[in-house]
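Working notes for the structure below.
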There are 2 protein chains.
Amino acid sequence: MTAQEYISAAPTQARPAGVVISVDAMGGDRGPAAVMAGVAIAAKKHPGIGFIVHGSELDLKRLVERYRLQGRVEIRPTTGVVTMDDKPSQVMRNGAGTSMWSAIEAVRAGEATVAVSCGNTGALMALSMIRLRKLPGVNRPAIACFWPSRNPAGFNVMLDVGADVKADAPDLVQYALMGASYARNGLGLTRPRVGLLNVGTEENKGRAELKLAHEMIAQATEAGSFDYVGFVEGSDLPSDRVDVIVTDGFTGNIALKTGEGTAKLIGDFMRQEFSAGIFSRLAAAFSVRALNRLKKRMDPRRVNGGVFLGLNGTVVKSHGSSDGTGVAAALGLAVQLAQSGFRDRLAARVAASLQGMAETVQDVTAGGAHS
Amino acid sequence: MTAQEYISAAPTQARPAGVVISVDAMGGDRGPAAVMAGVAIAAKKHPGIGFIVHGSELDLKRLVERYRLQGRVEIRPTTGVVTMDDKPSQVMRNGAGTSMWSAIEAVRAGEATVAVSCGNTGALMALSMIRLRKLPGVNRPAIACFWPSRNPAGFNVMLDVGADVKADAPDLVQYALMGASYARNGLGLTRPRVGLLNVGTEENKGRAELKLAHEMIAQATEAGSFDYVGFVEGSDLPSDRVDVIVTDGFTGNIALKTGEGTAKLIGDFMRQEFSAGIFSRLAAAFSVRALNRLKKRMDPRRVNGGVFLGLNGTVVKSHGSSDGTGVAAALGLAVQLAQSGFRDRLAARVAASLQGMAETVQDVTAGGAHS
């Protein structure tokens with residue numbers, strides 16, 4: 001059996017303990033204590049799930065005992081740690097032996113279905129690319145995230161939010177396919193509505209690659225089992241018009257961080273206004289329930305977890321500053337994707353659409369030469 | 001005197017009534033009633049200022065009488081109207097005789113210092129380009145807007161937010177110069193801090209044109225009298241680190257609309273939470289002062305007005321859906337820019353930096369070939 005065959009065969013192996021999640025316990029700003037607090041919450045919520053945690057043996061043994069996770073958690077001792085400042089290129093050369101590498105390796109070897117890390121995003125993507133490899137036919141992998149919205153599901157999916165600063169038209173079509181697949185498995189939508197992010201909704205707007213992608217995505221709706229709503233704008237990101245927002249990783253990353261920054265600014269302003277003077281503090285006391293519900297609704301920890309799409313294996317990136325609640329949300333997402341057989345479904349979808357896409361590219365570019 | 005000389009000479013003409021603002025009264029979703037309500041507010045607030053309003057004679061006469069603006073407002077009757085759906089290319093061919101064209105024409109002829117319109121942004125930029133022409137040495141004009149922030153001024157400047165979907169490195173350097181000039185005249189900052197929007201703050205991040213622009217802007221700080229803080233991220237948009245955020249018009253437009261959309265979503269969620277049940281409504285009643293202060297702080301009407309930079313004349317674009325308060329804010333900005341002699345200062349700054357920039361481009365590109 002070659003390594004490739006082994007990887008392909010791995011997800012179908014029957015595991016007595018059910019789904020296993022591989023966790024990089026050393027990534028993140030708060031260290032293994034926050035990560036293991038998250039594992040403890042997730043382990044309680046998902047009784048059938050096993051965890052392999054990678055990191056300092058001494059620390060992890062202590063934490064497993066503290067949270068009474070014996071029997072649920074297997075410790076993989078590692079000594080190296082990828083820091084937030086390490087460059088992806090360095091980590092690709094010297095990363096073997098780190099907890100991040102080891103966490104990905106467990107997915108590669110078929111011991112776990114999904115890897116989760118709070119570490120350095122660039123390094124995590126680089127290691128995932130060289131160890132898991134891209135799905136056949138995928139040119140650029142993407143990072144997908146949830147975005148609070150007016151949807152019945154409460155969230156949209158946006159991708160790419162930072163795997164690559166560039167994306168040409170065929171990449172954007174793959175993002176549409178992968179994003180739709182993710183929305184089906186992550187949000188439970190049968191036929192997601194896909195939109196392409198642009199500076200206006202008219203057909204003649206935007207950059208050349210967007211006009212081409214616009215035509216190509218419209219022709220990929222059957223292969224991808226999604227509806228295409230056309231161009232959407234930044235103001236549509238939280239709207240009920242669309243479930244999957246497709247964009248390049250540069251624009252998506254700016255949009256994601258702008259949205260987060262705006263929400264944080266408003267939160268700060270609210271705190272200031274509700275603590276300005278005795279009357280406002282009294283009002284805040286009266287409003288504590290409404291404010292808490294609002295806070296929960298906008299809590300970034302609830303939607304924690306960027307998912308790497310387009311690889312032979314699923315990797316979930318949790319926020320670097322995640323606490324136990326945040327890590328538990330990322331682990332919960334990992335469990336959901338593992339249980340839905342997401343990796344295999346996505347791979348099948350991409351493979352099925354490849355032939356159709358090749359034909360579409362030919363059609364559109366040939367048509368473009370005449371029109 | 002050639003037309004070109006006439007335009008150059010125009011802004012120095014002495015006008016007995018002081019500053020005059022040219023107003024397109026027919027643009028915008030709410031028609032001349034909202035625009036003239038705004039003129040009435042602005043006329044009261046700025047006693048020395050005159051207005052030329054362009055549009056339907058019948059409507060405007062009635063509105064001037066209603067608001068008792070005789071003596072403050074001159075009516076320029078026009079019959080054509082640019083609609084929100086008109087394509088810029090059509091308006092460039094057939095726009096003569098519209099209220100928008102006439103409003104710009106008054107600035108071109110030196111009768112007014114700044115033009116204000118709530119109309120179709122693309123058409124307004126196209127008409128401004130062909131009638132006012134670009135400042136010598138400016139390749140791409142830009143639209144600058146204010147962004148709520150933690151700054152002492154309460155606002156950052158971001159540009160370009162949608163004049164052009166592309167910008168190469170020299171364009172971004174010009175945006176830095178123009179944005180710094182705008183921040184000096186619009187926000188009263190002596191030495192604005194300029195940042196370049198990117199997906200990370202490390203030097204090796206982002207697209208090729210951003211790395212080149214990064215080096216070039218660092219070398220333009222003396223010519224432009226600004227400080228350069230380097231790369232900033234989407235999350236820095238409302239931050240106290242930076243006063244002027246430089247980006248291409250595609251990214252800037254997405255960021256602007258994402259920020260607006262996020263603020264609106266949070267506003268909707270707040271209203272829902274504060275109206276869910278009797279107790280929450282009671283809490284809202286107690287919180288009315290704090291909530292109103294918050295609302296005012298985030299009110300997009302307070303920061304209404306995108307300014308077109310890089311033309312022989314200043315044009316302020318007000319939101320299409322502006323009411324009287326919104327239009328008055330845009331007119332207030334126009335008055336401030338007119339009184340500060342913004343157009344001439346900006347032109348002088350761009351001219352002075354052109355030589356320096358040409359040298360920098362040569363240095364950087366030559367240096368890049370060796371390193």
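Lettering follows sequence order; numbering is per chain, from 1.
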Verify side chain to side chain contact (heavy atoms under 4.5 Å, CB included) between A:Trp147 and B:Thr262, making sure each step is shown before the conclusion.
-> CA-CA 10 Å; A:Trp147 188 277; B:Thr262 306; 4.1 Å; yes
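- Across all their heavy atoms, A:Pro238 and B:Gly261 have their closest contact at CG-O, 3.7 Å.
- Annotation for B:Asp268 and A:Arg150: closest pair OD2-NH2, 2.8 Å, computed over non-hydrogen atoms.
- No part of B:Asp85 comes within reach of chain A, as not one of its non-hydrogen atoms sits under 4.5 angstrom from that chain.
- Checked against side chain to side chain donor-acceptor pair (under 3.5 Å), B:Asp243 has the following partners two or more places apart in sequence or in another chain: B:Asn151, B:Arg193.
- Contact count against chain B (heavy-atom pairs under 4.5 Å) is highest for A:Ser235 among A:Gly249, A:Gly162, A:Ser235, A:Ser239.
- Of the two parts of A:Asp248, only the side chain, counted from C-beta on, holds a non-hydrogen atom closer than 4.5 Å to a non-hydrogen atom of chain B.
- Under the rule for a side chain to side chain donor-acceptor pair (under 3.5 Å), B:Ser321 has no partner lying at least two apart in sequence or in another chain.
- For the atom pair A:Glu260 CD and B:Glu233 CD, the distance stands at 10.0 Å (nearest 0.5 Å).
- Interface residue B:Lys264: backbone and side-chain heavy atoms are both found under 4.5 Å from chain A.
- Using a 4.5 Å cut-off between heavy atoms, B:Ile245 makes no contact with chain A at all.
- Put simply, CG on B:Leu197 and CZ on A:Phe250 are 6.0 Å apart, with the number rounded to the nearest 0.5 Å.
- Legend: residues meeting side chain to side chain donor-acceptor pair (under 3.5 Å) with B:Asp240, ordered by chain and number and at least two apart, are absent.
- Residues of residues 251-258 of chain A placed with any heavy atom under 4.5 Å of a heavy atom in chain B are listed by number as A:Thr251, A:Asn253, A:Ile254, A:Ala255, A:Lys257, A:Thr258.
- When A:Asp236, A:Thr247, A:Val165 are compared by the number of non-hydrogen pairs under 4.5 Å with chain B, A:Val165 comes out ahead.
- When side chains are defined from C-beta on, B:Pro148 counts as touching A:Leu265, because their heavy atoms get closer than 4.5 Å.
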